Amino acid sequence: MRRPLVNRWHVAIPFILLLGAAWIWISRPSIVESTFDTPRPALYHPAPDFTLPRFNTRGAANDLFILSEEKGRPVVLNFWATWCGPCRREFPALQAAAARHGGCSAAGAANGENQGNSGDPGPDSDCVLVIGVNQGESADTVARFLNEVGSPATRNGSSSAVESDGTPELEIIMDPSLEIGLRYNVQGLPLTYFIDAEGIIRGIWSGEMNSVILAERIAEILP
């Protein structure tokens with residue numbers, strides 16, 4: 001009596017497996033095509049271009065930062081938020097790096113690179129643009145934080161690359177919809193990209209940086 005039962009199971013098992021495979025195929029998640037017109041970032045590949053508004057307490061609508069327009073000088077691209085403890089702790093190191101390496105134009109950096117090829121490093125050979133990309137917060141929230149840390153951006157009314165007294169500062173740009181954070185695969189804060197003068201990503205650092213780590217990474221993108 002047991003042999004017919006075993007034979008029936010031999011017939012049923014392939015049928016069950018076939019039904020299971022059919023169910024997995026039917027219920028598989030659909031693949032949504034990306035709406036981005038630029039590739040996701042990757043080491044040794046060009047950094048995706050983007051346009052974002054600069055932080056501004058004066059309400060200027062056309063003060064935009066365009067990454068591709070900065071080609072010719074290295075860029076430190078730091079994604080951060082005021083609620084992020086590690087972001088707050090590393091902020092002074094970023095400010096110091098901006099003060100040390102900033103304050104030069106893209107054209108100046110390109111000229112410095114050309115001079116470096118001829119044996120003269122030039123005055124702008126260590127020029128780096130340090131950018132803080134705020135993630136999803138309002139200008140008021142950022143302004144309160146900058147007042148707390150004593151940033152000159154709030155005194156000037158906006159975050160420009162150079163303070164009113166000519167000293168370079170960390171430039172803040174706003175990503176309120178998190179679109180650029182998504183494009184740059186930001187899954188945790190802080191996240192920092194190190195981009196050379198040709199627009200190529202040379203390093204990615206996930207997590208908090210101290211001044212030593214930051215200096216080492218910046219040295220890797222200098223001409």
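All values below come from the heavy atoms of this structure, side chains included, with hydrogens, waters and symmetry mates left out. Computed from a predicted model, the values in this text were never measured in an experiment.
- Remark: side-chain polar atoms of D175 are paired, donor with acceptor, to backbone N or O of I180 under 3.5 angstrom.
- At a cut-off of 3.5 Å, with distance as the only test, a side-chain donor of N185 or Q187 sits close to an acceptor on the other residue.
- The closest donor-acceptor contact from the side chain of E90 to the backbone of M209 lies under 3.5 Å.
- Here the CG atom belonging to L170 is positioned 7.5 Å from the CG atom belonging to N78, to the nearest 0.5 angstrom.
- Put simply, the side chain of D140 never gets that close to the backbone of R144: no donor and acceptor are under 3.5 Å apart.
- Note that SG of C84 and CD of Q135 are 10.5 Å apart. Values are rounded to the nearest 0.5 Å.
- One N or O on the side chain of R183 and one on the backbone of D49 form a donor-acceptor pair closer than 3.5 Å.
- In this structure a side-chain-to-backbone donor-acceptor pair under 3.5 Å is missing from E169 to A99.
- Once rounded to the nearest 0.5 Å, the distance linking OG1 of T192 with CZ of F79 reads 9.0 Å.
- Aromatic ring orientation, F91 versus F145: perpendicular (interplanar angle above 60°, classes split at 30° and 60°).
- Here the options are L94, N134, L191, V186, the test is side-chain contact (heavy atoms from CB on, under 4.5 Å), and the partner is W80; only N134 passes.
- L178 and V142 are not part of a single hydrophobic cluster, where members link through side-chain heavy atoms under 4.5 Å apart.
- E148 has a carboxylate O that lies under 4.0 Å from a charged side-chain N of R88, or vice versa, which qualifies the two as a salt bridge.
- The only member of L77, I221, I195 that meets side-chain contact (heavy atoms from CB on, under 4.5 Å) when paired with I201 is I195.
- Looking at Y193, its side chain never comes within 3.5 Å of a backbone N or O of R202 through a donor-acceptor pair.
- Here the CD1 atom belonging to I172 is positioned 11.0 Å from the CD atom belonging to E137, to the nearest 0.5 angstrom.
- Taken from CG in D63 to CZ in R54, the straight-line distance is 5.0 Å, to the nearest 0.5 Å.
- I218 CD1 to D126 CG: the interatomic distance, rounded to the nearest 0.5 Å, is 10.0 Å.
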